[in-house]
Amino acid sequence: MNQQLTIPKGTRDFNPEQVLKREFIFQTLKNVFTKYGFVPIETPVMEMLSTLLGKYGDEGDKLLFKILNSGDFTQNISNDEWNEKNLQKLSMKLCEKGLRYDLTVPFARYVVMHRNEIVFPFKRYQIQPVWRADRPQKGRYREFYQCDVDIIGTDSLNGEVELLHIIQDVFQSLNLGYITFINNRKILQGLAEQCEIENHFVKFTTIIDKLDKIGKDEVYAELLQLPIQAKHLENLKVFLNQFLELTTNDDRILLAKSYIQSNTGKIGINEIETILQKSNQIGLNSIKFDILLARGLNYYTGTILEVKSTEVEIGSICGGGRYDNLTGIFGLPNVSGVGMSFGADRIYDIMDTLHRFPENLTHPIHVFVANFIPEIEYKVLHIASLLRTNQINVDFFYDPHIKLKKQLSIANQKNILWVLIIGEEEIQKEQYLLKNMKTGEQYLLSLQEVIEKIKLS
RNA sequence: GUGGUCGUAGCUCAGCUGGUUAGAGCGCCAGAUUGUGGCUCUGGAGGUCGCCGGUUCGAGUCCGGUCUUCCACCCCA
């Protein structure tokens, strides 16, 4: 019968109901982004490997999907190179393009290429799929959408505040509980300096970042892997323990101020303080200063933030931060930006498990027009078309030889609320039978009344 | 990338220690008189037991490989 059909690992098909739900999320995001003055761009699904490689660390490079060159590319490869079997090296010869891994790096490339036509500060949003050759698991796919908002070309902290505002707007619009964790890479830098391990900063941040997952004792244990002096570790422990016991942002800032001595660290704390003050003034809430938030991506240099659901355990649903030099790698230095990315697929999973999608979303067809008498088919079709000109979504049944019984059953399966039944008598009287499939009630109405009734429901 | 895990009708699953024509519920299709669905009743269709190979007289059931699913690590949305 069927041959073995399958789709690649970590990818998914979406049925009509799922697409409608996903589009609801995308539309909500777009509406909010637009409200805050952001404009959309799109970039190709593939980029040159040279723009992608080296931007996500060694781990990230491995997760890139590479695209085989077209043409007879084997000509350029010597027998020695084949025999060497150095996959890494060989793939660079065979592939010059790759699927994008995120939207931030393509955006940086876009900014550099279009710098002369862009008006800075540039506020863009971008909603497109990205691909990672990761091992799939729950909330983790090889193809998924990112919904990015970035402000580039200003180092004003108002950028951060606006992003926090957007987060609140989005999750309130979606009716989801959330909490935003905020920190600053400069504070982490300060901590590292104070412990004299600034040369192991990346390792330090990844360990710190695991706190909510493995607990503080494990974190302290892992910190021993670093060449950290005992007295520094002891001090750090005391500080972190105190910090975690405090619940308000104000107290946490006060404590951080008293502990962190390095200049960079102090700048970071001041930034956080300013952002939180401003956020407070405009009534933003659910923001928590969390000194252990680190985030993996190396290009962040200032503020970092991460949003989690308070209702479903699924990892972060939005994350971002400030990068002072993202375009520097492409030859345009000193352009500061701040941005974040919403994980639409995870938001979908949360909303689906909590049944938070609007009820009528998945039933976009308003009325099913039955068609069961061949002789008057053209008249029924005409009525269907009149309904459509009145902004009513109409499903018209194609085959007049199929029994009404069957047609009603189809309307029922399609979950359509209204069925319009039109026979010879109805045509003659210009009164049509409108049936409510939920209640079973039927009304004999004029066309105008039919339109009103459907629109009211 | 490392270590586990799952895979039987459209869906959710059952199938004891290998043994005759592989089952259930739901769904689907057709009827219960010709212009009325959802409930009920009756009947029916549908599976190369993920794929490839091996052990065996004989495998859905054991072994190996492979693909897929889910999970932990890594990393991340």
Side-chain angles (χ1 to χ4, degrees), chain A residues 1-12 15 25 29 56-64 87-88 101-104 127-148 202-203 205-207 209-210 213-214 218 222 294-298 300 305-309 314-320 340-350 368 370-373 376 380 397 400-427 432-442 444:
Chain A
M1 200 178 74
N2 288 339
Q3 62 187 106
Q4 246 76 47
L5 292 178
T6 144
I7 55 175
K9 185 196 285 209
T11 64
R12 297 154 295 164
N15 65 32
I25 294 174
L29 291 170
Y56 310 104
D58 290 343
E59 290 296 324
D61 284 355
K62 276 189 241 161
L63 299 180
L64 285 173
L87 212 62
Q88 200 70 18
Y101 176 90
D102 71 357
L103 299 178
T104 308
I127 298 179
Q128 290 190 279
V130 303
W131 293 267
R132 296 182 188 178
D134 220 341
R135 281 248 174 117
Q137 45 182 278
K138 194 164 207 82
R140 183 178 211 172
Y141 308 100
R142 287 188 151 187
E143 176 184 65
F144 63 96
Y145 267 76
Q146 286 196 331
C147 311
D148 276 31
V202 174
K203 180 79 184 157
T205 55
T206 47
I207 295 175
D209 195 41
K210 292 190 210 170
K213 212 166 197 179
I214 60 175
E218 277 294 311
E222 284 201 24
R295 290 194 59 74
L297 292 169
N298 295 325
Y300 293 125
L305 62 89
E306 198 160 280
V307 182
K308 290 196 170 154
S309 166
I314 196 169
S316 66
I317 49 179
C318 174
M340 61 183 175
S341 181
F342 289 85
D345 298 82
R346 285 186 179 174
I347 292 173
Y348 178 98
D349 289 345
I350 292 171
F368 181 95
N371 169 28
F372 57 99
I373 302 170
I376 61 167
V380 176
F397 196 77
H401 302 286
I402 302 292
K403 290 183 212 169
L404 179 61
K405 186 184 172 75
K406 177 67 185 163
Q407 295 194 27
L408 281 167
S409 161
I410 289 171
N412 193 54
Q413 287 178 68
K414 288 191 175 195
N415 240 317
I416 300 173
L417 180 60
W418 297 103
V419 174
L420 193 60
I421 300 170
I422 305 170
E424 275 145 339
E425 204 172 315
E426 282 87 354
I427 292 283
Y432 313 107
L433 198 59
L434 185 65
K435 182 180 175 94
N436 184 317
M437 296 296 278
K438 213 165 183 177
T439 63
E441 290 172 295
Q442 304 191 144
L444 201 56

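In the text below, chain A, chain B and the rest are named by the order of the sequence lines, each starting its count at 1. Computation of the quantities below employed the complete heavy-atom set of this structure, encompassing side-chain atoms and omitting hydrogens, waters and symmetry-equivalent molecules.
Judged by distance alone, with hydrogens and angles left aside, A:Lys435 brings a side-chain donor or acceptor within reach of the base of B:U36, the pair sitting under 3.5 Å. No hydrogens or angles were tested; on distance alone, a donor-acceptor pair under 3.5 Å links the side chain of A:Glu426 to the base of B:G35. Under 3.5 Å, the side chain of A:Asn412 and the base of B:G38 form no donor-acceptor pair of N or O atoms. No hydrogens or angles were tested; on distance alone, a donor-acceptor pair under 3.5 Å links the side chain of A:Arg135 to the base of B:U2. A donor-acceptor contact under 3.5 Å links the side chain of A:Arg346 to the base of B:C76. For A:Gln407 against B:U36, a side-chain-to-base donor-acceptor contact under 3.5 Å is absent.
Nucleotide B:G37 holds its P atom 17 Å from the CG atom of A:Leu434, rounded to whole Å. Atom P of nucleotide B:C29 and atom NZ of A:Lys403 are separated by 13 Å, given to the nearest angstrom. Here B:C74 presents its P atom at 11 Å from CD of A:Glu59, a figure rounded to the nearest Å. In this structure, A:Ile422 places its CD1 atom 17 Å from P of B:U36, rounding to the nearest Å. Distance, A:Gln413 CD to B:C28 C1': 8 Å, rounded to whole Å. Taking atom CD of residue A:Gln137 and atom C1' of nucleotide B:A72, one finds them 7 Å apart after rounding to whole Å.
With a 3.5 Å ceiling on both atom-pair distances, the Watson-Crick or G-U wobble partner of B:C62 is B:G54.
In terms of position along RNA chain B, the nucleotide closest to A:Lys62 lies nearer the 5' end than the nucleotide closest to the other residue of the pair A:Lys62 and A:Leu404. Where A:Phe342 and A:Leu408 meet RNA chain B, the nucleotide closest to each residue was compared, and A:Leu408 sits on the side nearer the 5' end.
Using a 4.0 Å cut-off between a side-chain N of Lys or Arg and a carboxylate O of Asp or Glu, A:Lys210 and A:Glu222 qualify as a salt bridge.
Side-chain nitrogen and oxygen atoms of A:Lys406 include none within less than 4.0 Å of the OP1 or OP2 phosphate oxygen of B:G31. Using a 4.0 Å cut-off, some side-chain N or O of A:Lys210 falls inside it from OP1 or OP2 of B:C74.
Spacing between B:C75 and B:G18 at atom C1', rounded to whole Å, works out to 44 Å. Remark: the separation of the P atoms in B:G15 and B:G31 is 38 Å, to the nearest Å. A gap of 27 Å separates the P atoms of B:C11 and B:G19, to the nearest Å. B:C52 and B:G60 have their P atoms separated by 13 Å, with the value rounded to a whole Å. Taking atom C1' in both B:C63 and B:G47, one finds a spacing of 25 Å when rounded to whole Å. Rounded to whole Å, the P atom of B:G53 lies 29 Å from the corresponding atom of B:C13.
Using a 4.0 Å heavy-atom distance criterion, A:Gly10 is classed as a sugar-phosphate-only contact. Here A:Tyr145 lies out of heavy-atom contact (under 4.0 Å) with every strand. Using a 4.0 Å heavy-atom cutoff across all strands shown, A:Ile373 reaches no nucleic acid atom at all. Backbone-only engagement by A:Lys9 is indicated by non-hydrogen atom pairs under 4.0 Å involving sugar-phosphate atoms exclusively.
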Could you list the donor-acceptor pairs under 3.5 angstrom formed by side chains in residues 418-427 of chain A, with sequence neighbours left out?
residue: A:Trp418; atom: NE1; partner: A:Ser457; partner atom: OG; Å: 2.9
residue: A:Glu425; atom: OE2; partner: A:Lys429; partner atom: NZ; Å: 3.3
residue: A:Glu426; atom: OE1; partner: A:Gly423; partner atom: N; Å: 2.9

Return a table of donor-acceptor pairs under 3.5 angstrom between the side chains of residues 127-134 of chain A and protein atoms on other chains or two or more places apart.
residue: A:Gln128; atom: OE1; partner: A:Thr43; partner atom: N; Å: 2.9
residue: A:Gln128; atom: OE1; partner: A:Gln126; partner atom: NE2; Å: 2.9
residue: A:Gln128; atom: NE2; partner: A:Thr43; partner atom: O; Å: 3.2
residue: A:Trp131; atom: NE1; partner: A:Glu143; partner atom: OE2; Å: 3.0
residue: A:Arg132; atom: NE; partner: A:Tyr101; partner atom: O; Å: 3.0
residue: A:Arg132; atom: NH2; partner: A:Tyr101; partner atom: O; Å: 3.2
residue: A:Asp134; atom: OD2; partner: A:Arg140; partner atom: NE; Å: 3.2
residue: A:Asp134; atom: OD2; partner: A:Arg140; partner atom: NH2; Å: 3.1

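Applying the 5.5 angstrom centroid cut-off and the 30 degree plane-angle cut-off, the aromatic ring of A:Phe144 is stacked upon the base of B:A77.
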